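One structure is given below, encoded as structure tokens.
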Amino acid sequence: MTDLSTERLASALGTRRHEFYAEITSTNDRAQVLLNENAPNGTVIIADSQTRGRGRLGRVWLSPAGSSLMLSYLLRPPVTSIGHVGMIGALAVAETLDAMGIKEVGIKWPNDVQIGKRKVCGVLPEVVWQGDQLIGVILGIGINVRVDFTTSALAETAISLSNVIPQVDRLDLLLQLLHKLDIWSTAAGSTDVFAAWHSRLNMLNAPVNVVSITANTQEILSGVAQEVTPEGALMIRTLDGGVHRVIAGDIALG
Ligand code: BT5
């Protein structure tokens, strides 16, 4: 029996608006349609397999069928709080993994959830506008449940829950995660979100190499990850003593 099916989800999710796909391009694609059709906050789209699962900046998200929990969750935060949505996703996942008894769970800027410095979860918030009006935010989340990375290019950097705990039922994982997402999404805009997220960052004061990405440039900065601001910008102190503000990018430990 598969742990994710239309029937199991329907009986567990009750009146929550949800859709389940055995295969879809990306749950975030479908979420965009539902947001535009006025689906309520907390609507969730779940897939067993994605043919075009994506990460930030058009990158590919690896998720062989049956091995991950992939979902998109709809929120309509105030426009001033859209920067909190990615934090809410990472925080909800980190708390869920903690509650399962998993050790060494941390958040790596901007929003990777790691176990022992390996990525177990990626978070992709996408903001939907109509002209200058905010329609809502899609919170895409992918958790490696039992992905076998041994022969993959990600063998050194990725991890699955199955590497640290014996058995995971994806429906149980989903229910625990939705509970956390429902709680934290009502807090969007409050300083509690940043404080809780910040307390879980696992790379502050570490030597790092950062690829800082802007619309036209990519720059590599080597230094110490000094702080992350409430707006989510990473402050790097480079070897020459300068401090640089990175809005979008990736960290590799130096
Ligand atoms: C992310 O992007 O980490 C966001 C991933 C979000 C995936 C979910 S699944 C449901 C929803 N629908 C979608 O289409 N997407 C969302 P980023 O920070 O750009 O990381 C992407 C990079 O992580 C890739 O370039 C790889 O290096 C690495 N990667 C890819 N698949 C991975 C995996 N399964 N586990 C760990 N690392 C992975």
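Whatever order the structure lists them in is the order used to number ligands and atoms, beginning at 1. For the numbers below, each heavy atom of this structure counts, side chains included, while hydrogens, waters and symmetry mates do not. In this chain, numbering begins with 1 at the start of the sequence shown. This structure is a prediction, so every number in the text was calculated from the model and none was measured.
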Notebook entry, point to check: Side chain or backbone of Arg59 under 4.0 Å from ligand 1, or both, or neither, by non-hydrogen atoms?
Noted result: side chain
Next item on the list: Could you check atom 32 (C) of ligand 1 against the protein and tell me its nearest heavy-atom contact, residue, atom and distance included?
Entry: Trp61 CZ3, 3.3 Å
Check: Is there at least one pair of N or O atoms, one from Gly142 and one from ligand 1, spaced under 3.5 Å apart?
Finding: no
Notebook entry, point to check: Among protein heavy atoms, which lies nearest atom 13 (C) of ligand 1, and at what distance?
Noted result: Ser26 OG, 3.4 Å
Notebook entry, point to check: Hey, does Arg52 come in under 3.5 Å of ligand 1, counting only N/O atoms on both sides?
Noted result: no
Notebook entry, point to check: With atoms numbered from 1 as shown, which atoms in ligand 1 lie under 4.0 angstrom from a non-hydrogen atom of Val123?
Noted result: 3 (O), 4 (C)
Margin query: Consider side-chain contact (heavy atoms from CB on, under 4.5 Å). Of Val193, Val85, Leu75, which one does Trp184 pass it with?
Written below: Val193
Next item on the list: Tell me which part of Asn111 gets within contact of ligand 1: side chain, backbone, both or neither, using heavy atoms under 4.0 Å.
Entry: neither
Item checked: Close-contact set for ligand 1 against Ala158 heavy atoms, below 4.0 Å -> 35 (N), 36 (C)
Check: If hydrogens are left out, which of Ile45, Leu62, Leu57 has an atom nearest to atom 34 (N) of ligand 1, that is, the closest non-hydrogen atom?
Finding: Leu62
Check: Can a non-hydrogen atom of Asn28 be found less than 4.0 Å from any atom of ligand 1?
Finding: yes
Next item on the list: Report, as yes or no, whether the 6.0 Å neighbourhood of atom CD1 on Ile220 holds more than 12 heavy atoms from other residues, nucleotides or ligands.
Entry: no
Note to self: Less than 4.0 angstrom from a charged side-chain N to a carboxylate O is my criterion; do Glu104 and Arg118 meet it?
What the structure shows: no
Next item on the list: Report yes or no: does a heavy atom of Gly53 sit under 4.0 Å from some atom of ligand 1?
Entry: yes
Check: For Lys103 and Asp98, what are the C-alpha separation, side-chain angles and deciding distance, and is it a salt bridge (Lys or Arg N to Asp or Glu O under 4.0 Å)?
Finding: CA-CA 7 Å; Lys103 306 281 179 235; Asp98 268 3; over 6 Å; no
Check: Just heavy atoms, cut-off under 4.0 Å: does Ile141 contact ligand 1 by side chain, backbone, both, or neither?
Finding: backbone
Note to self: Could you identify the single nearest non-hydrogen protein atom to atom 35 (N) of ligand 1 and state the distance to 0.1 Å?
What the structure shows: Asn144 ND2, 2.9 Å
Check: Do other residues, nucleotides or ligands put more than 12 heavy atoms under 6.0 Å from the CZ atom of Arg16?
Finding: yes
Margin query: With a heavy-atom distance limit of 4.0 Å, tell me whether Asp29 approaches ligand 1 through its side chain, its backbone, both, or neither.
Written below: neither
Check: Please state which protein non-hydrogen atom is closest to atom 12 (N) of ligand 1 and give its distance, to 0.1 Å?
Finding: Gln50 OE1, 3.0 Å
Check: Tell me: protein heavy atom nearest atom 18 (O) of ligand 1, and distance?
Finding: Arg56 NE, 2.9 Å
Notebook entry, point to check: Checking salt bridge (Lys or Arg N to Asp or Glu O under 4.0 Å) for the pair Arg8/Asp169: CA distance, chi angles, key distance, verdict?
Noted result: CA-CA 11 Å; Arg8 283 195 91 200; Asp169 181 307; 3.0 Å; yes
Check: Who gets closest to atom 30 (C) of ligand 1 by heavy atom: Leu139, Val60, Ile46?
Finding: Val60
Next item on the list: Report yes if Asp250 has an N/O atom closer than 3.5 Å to an N/O atom of ligand 1; otherwise report no.
Entry: no
Next item on the list: Please report which non-hydrogen protein atom sits nearest to atom 28 (C) of ligand 1, along with the residue it belongs to and the distance in Å to one decimal place.
Entry: Leu154 CD2, 4.0 Å
Note to self: For atom 11 (C) of ligand 1, what's the nearest protein heavy-atom neighbour? Residue, atom name and distance, please.
What the structure shows: Thr27 OG1, 3.3 Å
Margin query: Can you name the atoms of ligand 1, numbered from 1 with element, that are less than 4.0 Å from a heavy atom of Arg54?
Written below: 5 (C), 6 (C), 7 (C), 13 (C), 14 (O), 15 (N), 16 (C)
Margin query: For a 4.5 angstrom cut-off between non-hydrogen side-chain atoms, does Leu161 reach Val120?
Written below: yes
Check: So which heavy atom in the protein is nearest atom 20 (O) of ligand 1, and how far is it from that ligand atom?
Finding: Lys119 NZ, 2.9 Å
Notebook entry, point to check: Are any of the side-chain nitrogens in Arg56 or Asp112 under 4.0 Å away from the carboxylate oxygens of its partner?
Noted result: no
